Amino acid sequence: STAFLGMHLEERCDAVICRRVVPNGPAARAGLAVQDVLTCMAGKEITDKDSFYDVLDTLAAGAEVVVKARRAGGGSAHEALVIMGGLLDKAEATPYIGVLFLEAAGG
């Protein structure tokens, strides 16, 4: 995939949770926030990092993608239209593809 979302994510208890949003990245511009729990991307259910990468791998830079999420703590569901960035659009210099999964203690 050459698509860049611009989030650091963590898989925990069958959920994908945003731990960091890259400043000025596609996710930030679309209004996604730290602690958002991703539930759907491009019409596909997101339940773990594998399902997330399955969708991400089908996307290209410039794709307009609806991302559904809910706020932490059982908060309200919302949708964001994300225009996927490319690897050259990264707002950070660290070498990753726009998504970093962190290992959760106790999984």
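Just so we're clear, the structure is a prediction, and the values are computed from it rather than from any experiment. Atoms considered below: every heavy atom in the structure, side chains included; atoms not considered: hydrogens, waters and symmetry mates.
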Distance in Å, M7 CE paired with F52 CZ, rounded so as to fall on 0.5 Å steps:
7.5 Å
Hey, could you give me the CG/CG distance between L32 and L5, rounded to the nearest 0.5 Å?
7.0 Å
Identify the heavy atoms of K49 and V16 that sit nearest to each other, and give their distance.
N-CG2, 4.1 Å
Show me the pairs that pass salt bridge (Lys or Arg N to Asp or Glu O under 4.0 Å) and involve residues 65-78, at least two apart or across chains.
D36-R71, K68-E79
Roughly how far, to the nearest 0.5 Å, is CG of L59 from CE of M41?
5.5 Å
Identify, with sequence neighbours excluded, every residue that meets side chain to side chain contact (heavy atoms under 4.5 Å, CB included) alongside A77.
none
Going from CG on D50 to CD on E11, what distance comes out if it is rounded to the nearest 0.5 angstrom?
7.0 Å
OG1/T39 to CD1/I46 distance, rounded to the nearest 0.5 angstrom?
8.5 Å
Take V82 and V67, measure what side chain to side chain contact (heavy atoms under 4.5 Å, CB included) needs, and give me the verdict at the end.
CA-CA 7 Å; V82 178; V67 175; 3.8 Å; yes
Side-chain donor-acceptor pair present, D48, S51, cut-off under 3.5 Å
yes
Can you find a pair of side-chain heavy atoms, one from L9 and one from I17, that are under 4.5 Å apart?
no
Not counting sequence neighbours, which residues clear side chain to side chain donor-acceptor pair (under 3.5 Å) with Q35? List them please.
R19
What's the shortest heavy-atom distance between G85 and P26, and which atoms?
N-CG, 3.4 Å
How close do A27 and G6 get, heavy atom to heavy atom, and via which atoms?
CB-O, 4.0 Å
Measure the CG-CZ distance between L56 and F4 for me, rounded to the nearest 0.5 Å.
10.5 Å
Who passes side chain to side chain contact (heavy atoms under 4.5 Å, CB included) against L81, sequence neighbours left out?
E64, V66
Heavy atoms only: give me the nearest A61-G86 pair and the separation to one decimal.
CB-CA, 3.6 Å
